[in-house]
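Single-structure report; data block below.
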Amino acid sequence: MMIQLGIICGGKSTEHEISLLSAINIIKASDQTKYNIILIGISKDGIWQLYDPKTAFINAEDPKKIHLNNPIDRIVVVPDNPKGYLIKLSNPKEKLVLDCIFPILHGPYGEDGSVQGLLKCANIPFVGAGVLGSAVGMDKDVMKRLLRDAKIPIAPFICISKKDQTKLHFSDVIKTLNTPLFIKPANTGSSIGISKVINESEFNRAMEEAFQFDTKILIEQGIQGREIECAVLGNETPKASVAGEVCPKDSFYSYQAKYLDDDGAKLIIPVELTTKELETVQATALKTYQTLCCEGLARVDMFLTPDGQAWVNEINTLPGFTKISMYPKLWECSGISQVELIDELINLAINRNTLCANIQTSI
Ligand SMILES: Nc1ncnc2c1ncn2[C@@H]1O[C@H](COP(=O)(O)OP(=O)(O)O)[C@@H](O)[C@H]1O
Ligand SMILES: [Mg+2]
């Protein structure tokens, strides 16, 4: 019997377009004899709509111009027992029952536990981290406090709320942190609102910039190391892939380098590391994944310093899944094709759901 697979893409975050590209790739790479795809697109203003996967995307080849076509209808998620379903607004009698949903949404509103909470309440199995893993993975302040507690190397940082902005001066910061500093909003992605600074005037400008995107920001000490990424897959017994490297053209991996400049950064997949370095990177990725309560998949980004230490920069619980993205490429280089990877992610989602369904909810 065909598995009814929902794919949710788009969304309200600045990574809307990347999410559409990720969805196209997942639709293409998934086994057509196994899955019947039900495509849900979320518009930039947050409207959930049903699309025909064959005609859903306009300018599908252009990351800057890609957008969603006309939808079939608006849809509503209906929680039910034992399984939730979707209905079309114009025809509420017809139930769209899904076996699993792959929410390939990046950034706030998709990767932060909010969609995960909705699907959990609705009783629909979904790919990736649950509410807790998604939420702590999105908030860089909470993420880093948990990593620090687990004694995983991270850049020393100060976290500050908007209400305390005027109380913190550059001269205070450099008493505890060495320059260069990275100033970043706690909850964005894609390098949005992030600056690298070395002096007071840059610092003041960077604080203003970061506070435009969040009410909480991080001031981090810069780590001088190679930017190494490792893919993780699994629930209770996750495994780590080979490593990849990002080599930005400029002084850091900025928004410009990620999305605007065609040769803003070079991705080396896989990257040659010594056996010892690869072991450190993989062990750090797995420890990070488990410390942050992740499930399904995540990409762990690190700085590998010349002394062989892996400093964790961040985790991405729904990493880019486009045809050129690091996550699926790292698994291809580790011997898992994209078809197999999607099968595995769906199995992990369904297994987790079965496990949770068996938990006693009353005494
Ligand atoms: N502490 C740091 N030391 C050195 N480089 C950093 C540091 N923090 C961020 N960067 C640079 O900025 C980029 C984006 O920062 P990151 O924290 O990964 O934010 P995002 O979630 O937006 O990707 C990184 O890929 C890296 O190039
Ligand atoms: Mg990053």
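Order of appearance sets the numbers: ligands from 1, and atoms from 1 within every ligand. The basis for the numbers below is simple: all heavy atoms, side chains too, and nothing from hydrogens, waters or symmetry mates.
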Margin query: Check for me whether the distance between the ring centres of Phe321 and Phe102 falls short of 6.0 Å.
Written below: yes
Check: Who are the residue neighbours of ligand 1 when the rule is a heavy atom under 4.0 Å from any of its atoms?
Finding: Lys140, Ala155, Phe182, Lys184, Thr188, Gly189, Ser190, Ser191, Ile194, Glu220, Gln221, Gly222, Ile223, Glu227, Phe252, Tyr253, Lys258, Phe303, Asn313, Glu314
Next item on the list: Could you pull out all residues at least two apart from Ala186 that satisfy side-chain contact (heavy atoms from CB on, under 4.5 Å)?
Entry: Asp139, Asp214, Lys216, Leu218
Checklist line | Phe213 CZ: over 12 foreign heavy atoms closer than 6.0 Å | finding: yes
Next item on the list: Answer yes or no: is there an ion pair linking Glu61 with Lys323, defined by an N-O contact shorter than 4.0 Å?
Entry: yes
Notebook entry, point to check: Got a salt bridge between Glu220 and Lys144, using NZ or NE/NH1/NH2 to carboxylate O under 4.0 Å?
Noted result: yes
Margin query: Could you check whether Asn123 and Tyr85, counting side-chain N and O atoms only, form a donor-acceptor pair closer than 3.5 Å?
Written below: no
Next item on the list: Spell out the protein N/O/S atoms under 2.8 Å from the Mg ion (ligand 2) as residue plus atom name.
Entry: Glu314 OE2
Check: Thinking salt bridges, do Glu17 and Lys64 make one under a 4.0 Å N-O criterion?
Finding: no
Check: So, Thr55 and Asn69: side-chain donor and acceptor under 3.5 Å apart, yes or no?
Finding: no
Next item on the list: Please list, chain by chain and in numerical order, all residues satisfying side chain to side chain donor-acceptor pair (under 3.5 Å) with Asp149, sequence neighbours excluded.
Entry: none
